There are 2 protein chains.
Amino acid sequence: MIGDRIKELREKKGLTLTELADLAGVSKSYLSHIERKLQNNPSLQMLSKISVPLETKVQYLLTDQQAPKEDVFDEEWMALLHKAIEDGMSKEDFVRLSERIRMQ
Amino acid sequence: MIGDRIKELREKKGLTLTELADLAGVSKSYLSHIERKLQNNPSLQMLSKISVPLETKVQYLLTDQQAPKEDVFDEEWMALLHKAIEDGMSKEDFVRLSERIRMQ
DNA sequence: CTTTTTTGTTTTTTATAACGAACATAAGAA
DNA sequence: TTCTTATGTTCGTTATAAAAAACAAAAAAG
């Protein structure tokens, strides 16, 4: 549910509800309602505003963290992989290092 | 913009505006407004309803029409990443790992 | 051709998202 | 202790998302 996701990201950033509301330019009353799921139908613009101080994208607000298997390759993963490849990571590099990390 | 995206997917599926509205359970008047961008602030529930007959996800409605993810990376990359994730690699792990590769 | 049905648009109305202000509660400072 | 100050909640209102209905234009059927 979107309310849980927002609260989770907000607290991960160490922001209070009031702080996030101010930074995002939305009312804290409504943010409170959303987080407690008294309302759970925010608009795109609302989500877009909130995503800025949370330093994320609207899409990521919608992905729940216990992603089902088919959802493993969400947009965020794709972005990360894309950037790594651009930075010069080869498949061999990846295999080598990921195995080493797994072993330790 | 979301209206263009919806119209694009609707037409790709060969659906009329009225058909999509009926299938999704939303009013055609509002759908018309959204597609023509007279309104461009739909709610999550609205997008969720529309995503069903369009056979897509809300997240994908929000992504602009770049190449779908399957086309960006090849099968081998997908398999490698999939395996690594199954072995417990988190996004944070991946970022650390790719930074190390970049540094070497 | 005329009539009917399909398409999307415009208008009007209703429901509710979202706001601002008042409020409660607790934590910290005096 | 009492007085602020920071936090989130509840209340009352406003703005607007979304529906329903009426409409226009075209396409298809007769």
Side-chain angles (χ1 to χ4, degrees), chain A residues 1-68 71 74-76, chain B residues 1-66 68 92:
Chain A
M1 180 82 59
I2 185 69
D4 294 318
R5 186 93 179 104
I6 290 173
K7 185 170 188 182
E8 174 201 341
L9 290 172
R10 172 174 70 77
E11 291 178 339
K12 193 174 286 179
K13 275 213 144 323
L15 292 172
T16 68
L17 190 149
T18 306
E19 283 171 340
L20 177 56
D22 288 346
L23 288 170
V26 305
S27 71
K28 60 179 180 175
S29 56
Y30 185 56
L31 186 56
S32 168
H33 279 233
I34 290 289
E35 285 198 355
R36 288 178 301 142
K37 292 170 263 181
L38 304 183
Q39 266 151 304
N40 66 328
N41 192 25
S43 70
L44 259 192
Q45 281 172 23
M46 162 77 178
L47 294 176
S48 180
K49 283 186 190 171
I50 284 183
S51 72
V52 176
L54 289 180
E55 296 180 278
T56 184
K57 294 180 185 173
V58 176
Q59 289 121 292
Y60 304 162
L61 284 180
L62 303 179
T63 68
D64 27 50
Q65 56 282 35
Q66 69 278 16
D71 277 357
D74 62 20
E75 292 293 328
E76 199 171 3
Chain B
M1 179 84 52
I2 185 71
D4 294 318
R5 188 89 181 103
I6 290 173
K7 184 169 188 181
E8 176 201 340
L9 290 172
R10 172 173 72 77
E11 290 177 339
K12 194 174 285 178
K13 275 212 146 320
L15 292 173
T16 67
L17 190 150
T18 306
E19 283 172 340
L20 177 56
D22 289 344
L23 287 171
V26 304
S27 71
K28 61 179 179 176
S29 56
Y30 185 56
L31 186 56
S32 168
H33 281 232
I34 290 290
E35 285 197 356
R36 287 178 301 143
K37 291 172 266 182
L38 304 182
Q39 266 152 301
N40 66 328
N41 191 26
S43 69
L44 259 192
Q45 282 171 23
M46 162 75 178
L47 294 176
S48 180
K49 283 185 191 172
I50 284 183
S51 70
V52 176
L54 289 179
E55 294 179 281
T56 185
K57 297 177 187 174
V58 175
Q59 288 122 290
Y60 192 53
L61 283 180
L62 304 178
T63 66
D64 6 72
Q65 55 284 28
Q66 297 140 3
E92 289 71 29

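Numbers restart at 1 for each chain; the letters A, B, ... are given by sequence-line order, proteins then strands. Since the structure is predicted, the reported quantities are computational estimates derived from the model, not experimental observations.
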Please report the distance, rounded to the nearest Å, between [atom1] in [X] and [atom2] in [N].
X: B:Lys28; N: C:dT11; atom1: NZ; atom2: P; result: 16 Å
X: B:His33; N: C:dG8; atom1: NE2; atom2: P; result: 14 Å
X: A:Lys37; N: C:dA17; atom1: NZ; atom2: C1'; result: 19 Å
X: A:Met46; N: C:dT16; atom1: CE; atom2: P; result: 18 Å
X: B:Tyr30; N: C:dA17; atom1: OH; atom2: P; result: 12 Å
X: B:Leu20; N: C:dG8; atom1: CG; atom2: C1'; result: 13 Å
X: A:Glu35; N: C:dA18; atom1: CD; atom2: P; result: 15 Å
X: B:Leu17; N: C:dT9; atom1: CG; atom2: C1'; result: 10 Å

Evaluate side chain to side chain contact (heavy atoms under 4.5 Å, CB included) for A:Ile6 paired with A:Leu31, printing each intermediate quantity in order. CA-CA 9 Å; A:Ile6 290 173; A:Leu31 186 56; 4.2 Å; yes
Nearest 0.5 angstrom please: [X] [atom1] to [Y] [atom2], how far?
X: B:Lys7; Y: B:Lys12; atom1: NZ; atom2: NZ; value: 14.5 Å
X: A:Ile34; Y: A:Asp4; atom1: CD1; atom2: CG; value: 11.5 Å
X: A:Ser27; Y: A:Asp22; atom1: OG; atom2: CG; value: 10.0 Å

Which part of the nucleic acid, if any, lies within reach of A:Ser43 when heavy atoms closer than 4.0 Å are counted: base, sugar-phosphate only, or nothing? sugar-phosphate
Need one value for A:Thr16: base, sugar-phosphate or nothing, where a base atom within 4.0 Å counts as base even if backbone is also close, heavy atoms only. sugar-phosphate
Given [N], is OP1 or OP2 found less than 4.0 Å from the side-chain N or O atoms of [X]?
X: B:Arg36; N: C:dT10; answer: yes
X: A:Ser27; N: C:dG20; answer: no
X: B:Thr18; N: C:dG8; answer: yes

Could you pick out which residue, B:Glu19 or B:Asn41, lies toward the 5' side of DNA chain C when each is mapped onto its nearest nucleotide? B:Glu19
Without swapping roles, check the side chain of B:Arg5 against the backbone of B:Tyr60 for a donor-acceptor pair under 3.5 Å. yes
In the structure I gave you, are the side-chain heavy atoms of A:Leu23 and A:Leu54 within less than 4.5 Å of one another anywhere? no
side-chain hydrogen bond (donor to acceptor under 3.5 Å, both in side chains) between A:Thr16 and A:Thr18: does it pass, once the steps are laid out? CA-CA 5 Å; A:Thr16 68; A:Thr18 306; 4.7 Å; no
Reading DNA chain D 5' to 3', which nucleotide is the first, and which the last, to come under 4.0 Å of any heavy atom in chain A? D:dT7 to D:dT10
The side chain of A:Gln39 is closest to which nucleotide in this list: C:dA17, C:dG8, C:dT10? C:dA17
